[in-house]
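The next block holds one structure in the form of structure tokens; read it before the comments.
Naming: A, B, ... by sequence-line order, numbering from 1 per chain.
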2 protein chains.
Amino acid sequence: MTGVPEPAVPDGDGRRPPSVRPRTVPGRRRAEIAEAAARFFAEHGYHTVGMREIAEAVGMRGASLYNHFSSKEEILYAIALAMTEVPVEQHIPLLDAEGSPADRLAALLRAHIRHLADHRVEHLVGLRELAALTPEHRAVITDHRRYYQRRVRDVVAAGVRAGQFAVDSPGRAAVAVLDMVNGISWWLRPDTDVDELVETYLGLALDGVLQHAREDRA
Amino acid sequence: MTGVPEPAVPDGDGRRPPSVRPRTVPGRRRAEIAEAAARFFAEHGYHTVGMREIAEAVGMRGASLYNHFSSKEEILYAIALAMTEVPVEQHIPLLDAEGSPADRLAALLRAHIRHLADHRVEHLVGLRELAALTPEHRAVITDHRRYYQRRVRDVVAAGVRAGQFAVDSPGRAAVAVLDMVNGISWWLRPDTDVDELVETYLGLALDGVLQHAREDRA
DNA sequence: GCGCCATACTAACGGTCGTCAGCCAGTGCG
DNA sequence: CGCACTGGCTGACGACCGTTAGTATGGCGC
């Protein structure tokens, strides 16, 4: 599990012998490239960074990158995809676990913020450079994001029904909470205390925006 | 007041006769250009948009833009500057008016969200394309932003002292609130009901994040 | 009415970019 | 041993970019 999505197997043509195993860790280089690219993209923006610059950072020449990615856009797509697939596949199940809506949402937010802090630059790129993706690729990313947002909205609504949360519009509140936590990636610095950050934002989101456990309803 | 900052007068050489007044509205064209550029930048990103594309949108050729802006980066700077100067000069005074911290912060947020909704594309560009600015220009923008943020933090702290707000860290809460409202510019659609939006977010920020008027302190 | 200046134009330059074609070294498998 | 394949390399191409120089024009102030 390198964190970088493998290239789609060219399906429909399973000519590859089933026992073939590449000598080195598969996609190892691919992951290095995506990681370096994400650093540059985050700092200077997708379009200002050239293939030759990315290549130099991993010790090769620009043209050689095409042995690992079919285009520059595909590098960006791999980064953006990793930042939306992982949350969907690994965080959403937390919403399907046992426990109250507040507990489940808290678990999700904890995982979300930790993931964001561990992959700050990729997260920033995934947020900011959406416009540079192919329409098809962008659609995949935004679909993931919409699904994620919808699931958060649903658990907020469940919390409202259960009397745990008090908001007028679960949809608006979900968006607000996600924008609030995603905003972290713009200013997070490497020396930030992540544990403290997570707990602070959990408080701001649950006790705050969602007014968890406030009893003074008329 | 066109909304687009005039070019800095080349100071140190005040050769221009003091009574000279340009025949047309000064900077009219400049504002049109910046507006068109902001639309394109917001949709496709700064670096994918060419000068010839911007020019075509206002009915001229690429090279003619240099009669109004000295470089492409200066167009971006004008946009970003307008989106940080106006809030600082027009919204911050609301914090110095009379009234409780909660009232003053509510007034600021109201103005902030309205301004954002009225200039959605420029706001988005100002947030997203910071990296494309000259270091000097970027410093100006971030200074404005830091000051704004500091003033919000101060009024939050004042509200905490006055017993109106209940948050552990006014700084963190201020950042969270601003990220939350600034996130609006990523998804706002032209047909959104701005009045409803403003009131919803005021509730989420004050009653929510800042726990305005919650009395159940231990 | 003359001159000036703002503003537009055309043409072109130098540079950079993404990408590709073709070549070559090494390495593991049969 | 030899073969194929992976993953590097060089060199180059065509497109496009931001920007400049030089020129034309039309309206306002004197």
So that I know where these two stand, are B:Tyr148 and B:His112 an aromatic pair - ring centroids less than 6.0 Å apart?
yes

Rounded to whole Å, CD of A:Glu73 lies from C1' of C:dC17 at a distance of 16 Å

Most 5' of A:Ser64 and A:Glu53 on DNA chain C, judged by nearest nucleotide:
A:Glu53

Would you kindly give the CD-to-C1' distance between B:Glu32 and C:dT7, to the nearest whole Å?
13 Å

Distance in angstrom units between B:Met51 CE and C:dC9 P, rounded
13 Å

Are the side chain of B:His115 and the backbone of B:Ala111 linked by a donor-acceptor contact shorter than 3.5 Å?
no

side-chain contact (heavy atoms from CB on, under 4.5 Å) with A:Ser70: of A:Lys72, A:His68, A:Glu74, only one passes, and it is A:Glu74

Selected nucleotide, minimal atom distance to A:Ala63 side chain, candidates C:dC9, D:dC9, C:dC20
C:dC20

I'd like to know if A:Asp195 and A:Arg114 make a salt bridge, using a cut-off of under 4.0 Å between side-chain N and carboxylate O.
yes

Is B:Val49 touching bases, backbone alone, or none of the nucleic acid, heavy atoms closer than 4.0 Å?
sugar-phosphate

Any side-chain N or O of B:Arg61 below 4.0 angstrom from OP1/OP2 of C:dT10?
yes

Taking only side-chain nitrogens and oxygens of A:His68, does any of them come within less than 4.0 Å of OP1 or OP2 of D:dG8?
yes

Could you tell me the separation between the CD atom of A:Glu74 and the C1' atom of C:dG18, rounded to a whole number of Å?
14 Å

Find the distance B:His47:NE2 to C:dT16:C1' and express it as a whole number of Å.
13 Å

Could you give the CE-to-P distance, from B:Met60 to C:dA6, as a whole number of Å?
15 Å

Measure from CG on B:Leu65 to P on D:dT19 and round the result to the nearest Å.
10 Å

Side-chain donor-acceptor pairs of residues 37-62 of chain A under 3.5 Å, sequence neighbours excluded:
{"unit_1": "A:Tyr46", "atom_1": "OH", "unit_2": "A:Glu73", "atom_2": "N", "d": "3.2"}
{"unit_1": "A:Thr48", "atom_1": "OG1", "unit_2": "A:His44", "atom_2": "O", "d": "2.3"}
{"unit_1": "A:Thr48", "atom_1": "OG1", "unit_2": "A:Gly45", "atom_2": "O", "d": "2.9"}

From CZ of B:Phe41 over to C1' of D:dG18, roughly how many Å is that when rounded to an integer?
12 Å

Please determine if a side-chain N or O atom of B:Arg29 lies less than 4.0 Å away from the OP1 or OP2 oxygen of C:dA8.
yes

Selection from C:dT19, D:dT20, D:dG7 that lies nearest to any side-chain heavy atom of A:Asn67:
D:dG7

